[in-house]
Amino acid sequence: MRKNWAIALAASIAIGGMSVAPAIADPFKPGKGDQVKLGKRAADDIRKKERVLPASDERTRTLRRVASRLLAVMDDGKDPWQYSFDVIENKQVNAFALPGGPTFFFTGLLDRLSTEDQLAGVLAHELTHVRREHWAYAYRDSQQRALGLNLLLIFTRANSNVAGLASIANDVLIELPFARKHETQADEQGMDIMVKAGFNPTGIKEVFEILSKASSGGKPPEFLSTHPNDKSRIKHLQDRIDKLGRTFPAQKPLPWAR
Ligand SMILES: [Zn+2]
């Protein structure tokens, strides 16, 4: 009797498990390979449309040098990310990473920064968005919200996932806002990466101080529209620096800020 009961229980667990586990764990989240393809397509477009500085430019060389120090300490295992780093000649005070790895900084932001550690802070934050797939989760959540409004989408999306991905506009890749919890994760893990790479983590806190100062008296910097800069964000960063309880290398001035 006991044995039969155990078998019956096992069977019901198996059936219950099957009924709750869908065939694809997360059907609306673009896979890593899709993220790389989408990001590459958008990056190619950006390089055609915007004034991208040449590889010989001091700002591009500096960005790539700082990026390579961060990449060297990031353990991405078998992840397919294809990182690239470019500077766009534009007064916008902004930087962004596309899904899959292509990363762009505007000269408007670089002009506001004074140290490599500040630059590393923004970069490490953006790289965390890439490696933790924050865009893919934001996209999934936006699709699920749409499903709640229109059940018909279940059939159209489920049957033409590839077509659906191809139709994702570049704007959606750049402008879809990340969840607040993912912003916090990018702040925290970005700081861990910059510390590991030998940068001074005070740099990222200073970036938010510089940008919030810039927003008093005029148009707020574009970066802040996707990175809400309330006092709690700066305080959270300072708390993490204090918790590390270490002294850090002196910040290194950017070549153009000396
Ligand atoms: Zn962010």
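Note that the structure is predicted; figures quoted are calculated from it, not measured. Indexing begins at 1, ligand by ligand and atom by atom, following the structure's order.
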| field | Minimum-distance atom from the Zn ion (ligand 1) among N, O or S atoms of H227 | value | NE2

| message | I'd like to know if K252 and D117 make a salt bridge, using a cut-off of under 4.0 Å between side-chain N and carboxylate O. | response | no

| field | H125 atom (N/O/S) at minimal separation from the Zn ion (ligand 1) | value | NE2

| query | Without hydrogens or angle criteria, can the side chains of R51 and T107 be said to hold a donor-acceptor pair below 3.5 Å? | reply | no

| said: So that I can tick it off, tell me whether K213 and E209 are bridged by a salt bridge, with the cut-off set at under 4.0 angstrom between side-chain N and carboxylate O. | reply: no

| query | Is E183 close enough that one of its N/O/S atoms sits under 2.8 Å from the Zn ion (ligand 1)? | reply | yes

| request: Assess H129: does it contribute an N, O or S atom lying under 2.8 Å from the Zn ion (ligand 1)? | output: yes

| Salt-bridge contact K243-D239 (side-chain N to carboxylate O under 4.0 Å) | no

